[in-house]
Amino acid sequence: MEAFKKLSSTAVPIQIENIDTDQIIPARFLKATDRKGFGDNVFRDWRYHKDGTENQEFPLNDTTYSGQILIAGNNFGCGSSREHAAWALTGYGFKVIISSFFADIFKGNALNNGLLPIQVSEAFLKVLFETIQKNPETHLLVDLENQTLSIEGSDRYETFEISAYKKQCMINGYDDIDYLVNNRDKIIAFEKKNS
Amino acid sequence: MKKTLFDKVWDLHVVERSDNGPDILYIDKHLIHEVTSPQAFNELEERGIPVFRPDQIVATADHNVPTQNQHLPIKDALSRKQVNQLTINCKKNGITLYGLGHEYQGIVHVIGPELGITQPGMTMVCGDSHTSTHGAFGSIAFGIGTSQVAQVFASQCLLLSKPKSMRITVNGTLKKDIQPKDVILYIISKLGTDSGTGYFVEYAGDVFEAMSMEGRMTVCNMSIEMGARGGMIAPDQKTFDYVQGREFAPKGADFDKKVAYWKTLPTDEGASFDAEFKFDAADIGHMITYGTNPGMGMKVTEKIPSLKNDSFEKSLKYMGFNKGESLINKPINYVFIGSCTNSRIEDFRIAAAYINGKQKAKNVHALIVPGSQQVDAQIRREGLDKVFEEAGFELRQAGCSACLAMNDDKIPQGEYCVSTSNRNFEGRQGPGARTLLASPLMAAATAVAGKIIDLNA
């Protein structure tokens, strides 16, 4: 997993609530046996019309917007547990997702792939959408160490929550497997006690 | 201290507790399937880590499998590769696989309970969000991502913070013919799709006590549709009777010992929950969804609400419905009875009892997909296959099928499908398909009428 400390980037706004993982990556694209290539199909059915042409109105196709940060409506990532959704977003190039609420499994999957989910207040989310839509060149600054998200060139910022353990994992690029494998003695002792 | 059912099972599985980090939680059973496991096997192989407890893993092929001609090689090359990869991975790592052609093959959440793999008081995981199904037995069961599948392969454990607790109580008696699916669709329509996020739910009260094990599975299955990682129901005599005698259930004195323990699991009188909701059974009617998330549901006799909200409007536009509209008499060309929510024998009995002696409407394509080879065999033993065939329904072979349309079972662009599955997301049943979630009884009635009807009219 890639380490993450700080990021300054423009952002892409998708102002839709309850974006489920079926929209992020439809089931018909889940047939791969490795983690590569999912970025090509991220938001597939919103990015393309039925006839295969690009939907220019969709923010990912709108050349006004670009960047490694995605801003989305409330309850992002609900539905299926498919980690392919996180792979599709990182594969496309996103490193941070901002929303006012994240579904549980998606949030865990994102963190396990070095994709930082930042939960902000409804009010700040509204400000972010307005700011980016008004001036798409605006940079947002994500500082994981200090747990802040700020709008560059302004004094507006918000702090965000992240578990201390997950923060360390993100900053160092560690994952849970290392931690668990290092605790195998305790796990074996637990099994003996309960058998 | 008074404990909830969830507390009791969780606490007994904590290997190590950390004050400012996640717990190490031991996992008793790990179910896997072809779609969310290959990358986890790769991960372990790349790191040179062996599968720690292969005996506690059970595999099946369900998401990608065709529901016709299962004896032939899978036509779709990518699906075939993924299913073959599962076979190779299981063989290499000594994992039991009930693959295509095996008499135990089926949807992972149907075969777990039916084989007695699922038992009260267990912790169970699977790379599939509908793992919550198994909570019907009073087990902690939840869906995980592929990184977590790899973690369980490597250590039989997960790093998790204990979720908050919620209790949903439904007391009173359900009206005639109201199905477990109606109960859960009703609850989600009242609470919304994000209400359960961060929580584990316990379903309690008269309605769930009176419900069959299969009905309880339908309810727990859809816990994730309100955002909850899982749902549980206290084990009782019905649970013990269901488990007893199944292939992998404990036998003899072992079973009695287990039952004695299982009886200690129900929530203590006076235990507290972080959130509580109460509903009256008498208020629940036949439910149907009108939008693109499972919370957008209503009684079939009601009208689509008139909310002013961009996401709500986008959803109605996709569905081709209007605010304030009734769905009664809406023509429907596709009906799907299947999925891990409603593909057990009771679901097909309910549908067959309604269909018996009737014919499907000419405009309707009606697909019946059993949840497992064993359910399929039972359908035939009871002669339900004849009822379906005579009525013009198409009985297929076991798998996830049109619930997520990974195989050939897709609903065409723009068509409506009354479906007994669990998700009505945009394109879930095929690009541009429009899904209306309902019970097997509503689905059967729709197929016969060729349109949505009020069963009480």
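Side chains included, hydrogens not; waters and symmetry mates left out as well; all remaining heavy atoms used. Just so it is clear: chains get the letters A, B, ... in the order the sequence lines come, proteins before strands, and each one is counted from 1.
For the 3.5 Å distance criterion, the side chains of B:Gln151 and A:Tyr179 fail to qualify, holding no donor opposite an acceptor. Side chains of B:Gln39 and A:Thr33: a donor-acceptor N/O pair is absent below 3.5 angstrom, by distance only.
Judged as a salt bridge (charged side-chain N to carboxylate O under 4.0 Å, His left out), and not counting sequence neighbours, B:Lys317 has no contacts.
Residue A:Asp178 holds its CG atom at 5.0 Å from CZ of B:Arg47, rounded to the nearest 0.5 Å. With rounding to the nearest 0.5 Å, the separation of NZ in B:Lys314 from CH2 in A:Trp46 is 4.0 Å. Note: B:Arg428 CZ to A:Ser80 OG = 6.5 Å, rounded to the nearest 0.5 Å. To the nearest 0.5 Å, atom CG of residue B:Asn293 and atom CD1 of residue A:Ile19 are 12.5 Å apart. Note that CG of A:Asp104 is 7.0 Å distant from CD1 of B:Ile224, once rounded to the nearest 0.5 Å. Put simply, OG1 on B:Thr146 and CZ on A:Arg82 are 11.0 Å apart, with the number rounded to the nearest 0.5 Å.
B:Ser129 and A:Ser81 get closest at one heavy-atom pair: N-OG, 3.1 Å. Heavy atoms only, all atoms of each residue included: A:Gln23 and B:Phe425 are closest at NE2-CB, 3.7 Å. Across every non-hydrogen atom of B:Thr197 and A:Phe102, the tightest pair is CG2-O, 3.5 Å. Residues B:Arg423 and A:Asp22 share a closest heavy-atom pair of CD-OD1, 4.5 Å. A pairwise comparison of heavy atoms in B:Val14 and A:Phe190 identifies O-CE1, 3.6 Å as the closest pair. For A:Ile188 against B:Arg53, the heavy-atom pair with the smallest separation is CG1-NH2, 4.0 Å.
Interface remark: of the candidates B:Asn309, B:Ile24, B:Leu159, B:Leu159 forms the most heavy-atom pairs closer than 4.5 Å to chain A. The choice from B:Pro163, B:Ser37, B:Pro38, B:Gly21 that makes the most heavy-atom pairs within less than 4.5 Å of chain A is B:Pro38. Contact tally against chain B (heavy-atom pairs below 4.5 Å) for A:Ala86, A:Ala85, A:Ala27: the top residue is A:Ala27. In terms of non-hydrogen atom pairs under 4.5 Å with chain B, the most contact-rich of A:Asn18, A:Ile187, A:Asn109 is A:Ile187. Chain A forms more heavy-atom pairs under 4.5 Å with one residue of B:Gly427, B:Gly227, B:Gly198, B:Ser315 than with any other, namely B:Gly198. Between chain A and the options B:Ser18, B:Ser147, B:Cys157, B:Gly196, the largest number of non-hydrogen pairs under 4.5 Å is found for B:Ser147. Ranked by non-hydrogen atom pairs under 4.5 Å with chain B, the options A:Arg44, A:Lys166, A:Lys186, A:Lys193 are led by A:Lys186. The candidate with the highest count of non-hydrogen atom pairs below 4.5 Å against chain B, out of A:Thr21, A:Asp45, A:Asp175, is A:Asp175. Comparing B:Ser79, B:Gly127, B:Gly430, B:Pro294 by how many heavy-atom pairs each has under 4.5 Å with chain A, the most go to B:Ser79. For the options A:Ile16, A:Ile177, A:Leu30, heavy-atom pairs under 4.5 Å to chain B are most numerous at A:Ile177.
Under a cut-off of 6.0 angstrom, the local environment of OH in B:Tyr261 is crowded, with over 12 non-hydrogen atoms contributed by other residues, nucleotides or ligands. Enclosure of atom CD in A:Gln56 by more than 12 non-hydrogen atoms of other residues, nucleotides or ligands within 6.0 angstrom is indicated. By the neighbour-count criterion of 12 heavy atoms within 6.0 Å, atom CG of B:Asp310 is sparsely surrounded, having that number or fewer from other residues, nucleotides or ligands. For B:Lys81, the NZ atom is loosely surrounded, since the number of other residues' heavy atoms within 6.0 Å does not exceed 12.
Within residues 82-90 of chain B, the residues that have a heavy atom under 4.5 Å from a heavy atom of chain A are B:Gln82, B:Gln85, listed by number. Contacts from residues 130-157 of chain A to chain B, taken as heavy-atom pairs separated by less than 4.5 Å, involve no residues at all. Using a 4.5 Å cut-off between non-hydrogen atoms, the part of residues 63-76 of chain A that approaches chain B consists of A:Asn74, A:Asn75.
A donor-acceptor pair under 3.5 Å links the side-chain atoms of A:Arg184 to the main chain of B:Ala154, judged by distance alone.
Contact of A:Lys50 with chain B is made through the side chain alone, with heavy-atom distances under 4.5 Å. B:Glu34 does not touch chain A: none of its heavy atoms, backbone or side chain, sits under 4.5 Å away. Contacts between A:Glu191 and chain B at a heavy-atom distance below 4.5 Å involve the side chain alone, from C-beta outward. B:Ser311 touches chain A through its side chain: at least one heavy atom from C-beta onward sits under 4.5 Å away, while N, CA, C and O do not. Heavy atoms closer than 4.5 Å to chain A are found nowhere in B:Leu160, neither backbone nor side chain.
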Check against side chain to side chain donor-acceptor pair (under 3.5 Å), B:Thr36 and A:Glu83 = CA-CA 8 Å; B:Thr36 56; A:Glu83 196 159 315; over 6 Å; no
Give the C-alpha distance, both sets of side-chain angles, the deciding distance and a yes or no for side chain to side chain contact (heavy atoms under 4.5 Å, CB included) between B:Val35 and A:His84.
-> CA-CA 10 Å; B:Val35 179; A:His84 312 66; 4.2 Å; yes
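A:Ile105 places a side-chain heavy atom less than 4.5 Å from the side chain of B:Arg229.
By the 4.0 Å N-to-carboxylate-O rule, B:Asp76 lies close enough to A:Lys31 to be salt-bridged with it.
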